[in-house]
2 protein chains.
Amino acid sequence: MKNKLKVLRAERDWTQADLANALEVSRQTVNAIEKGKFDPSLPLAFKAARLFNLPIEEIFQDEPG
Amino acid sequence: MKNKLKVLRAERDWTQADLANALEVSRQTVNAIEKGKFDPSLPLAFKAARLFNLPIEEIFQDEPG
DNA sequence: TCGAAAAGTAAAGCTTATTTTACTTTATGA
DNA sequence: TCATAAAGTAAAATAAGCTTTACTTTTCGA
């Protein structure tokens, strides 16, 4: 699953820790998701969508399989 | 997390088993999600969105908290 | 009303998401 | 260059999603 978290962070000049804080998850979770190590839960995806005021599909891109 | 799976099924006259089959998960998983016992994974939410040709947010409604 | 299909439920087990701790590597700015 | 912040990584532990099996309850049409 690809995502635009890094870009969205960059646009706001946020660190991974800043984003983790805003999403109420650990910094390592943000890092792992950005690096594609695992997918966020649906509730976390919703939280990111609310935070960035974007649809989930614009932040996360599934690779259908 | 609320969702419209039951309605979307009804519109198509699908059983839980039919939907489970289309989503490639077990019938119990569909049942549990419909009944709000747990949230689907993000990949599964994407699969449902593709299946019904709807945005994730129109199928699943987060209760922010 | 009876039987079958659909829905609901539950436990055990496996997989994946997330945390915590802790360390290494990379970028950055004084 | 050197110190520090940021990013990357990893292992162990816990939580949540999902499967399989199996059983009970509800729905519904003949």
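Letters A, B, ... mirror the listed sequences (proteins, then strands); counts begin at 1.
For the pair A:Phe46/B:Met1, a side-chain contact is recorded, criterion being any heavy-atom separation below 4.5 Å from C-beta on. Considering only heavy atoms from C-beta on, B:Gln16 stays 4.5 Å or farther from B:Gln28 through its side chain. Counting only heavy atoms from C-beta outward, the side chains of B:Val30 and B:Trp14 never approach each other to under 4.5 Å.
Taken from CG in B:Leu19 to CG in B:Leu51, the straight-line distance is 6.5 Å, to the nearest 0.5 Å.
Judged purely by atom type and a 3.5 angstrom limit, A:Asp18 uses its side chain to pair as donor or acceptor with the backbone of A:Thr15.
Looking at residues 7-31 of chain A, you'll see A:Glu24, A:Val25, A:Ser26, A:Arg27, A:Gln28, A:Thr29 sit with a heavy atom under 4.0 Å from some atom of DNA chain C.
Nucleotide C:dA17 holds its P atom 18 Å from the NZ atom of A:Lys47, rounded to whole Å. When the C1' atom of C:dT18 is taken as reference, atom CG of A:Leu42 falls 16 Å away, rounded to whole Å. The NZ atom of A:Lys6 sits 11 Å away from the C1' atom of D:dG8 (whole-angstrom rounding).
Of the candidate nucleotides D:dC18, D:dT9, C:dT18, D:dT9 has the atom lying nearest to any side-chain atom of A:Lys35. Which of D:dT9, C:dA17, D:dC18 sits closest to the side chain of A:Asp39 comes down to C:dA17.
Nucleotides of DNA chain C nearest to B:Lys37 and B:Pro43 differ in position, and the one nearer the 5' end is that of B:Lys37.
Legend: side chain to side chain donor-acceptor pair (under 3.5 Å) pairs involving residues 39-52 of chain B, not counting sequence neighbours, sorted by first then second residue: A:Asp62-B:Arg50, B:Glu24-B:Lys47.
Applying the 4.0 Å criterion to OP1 and OP2 of C:dT18, one finds that A:Ser41 has a side-chain N or O inside that range.
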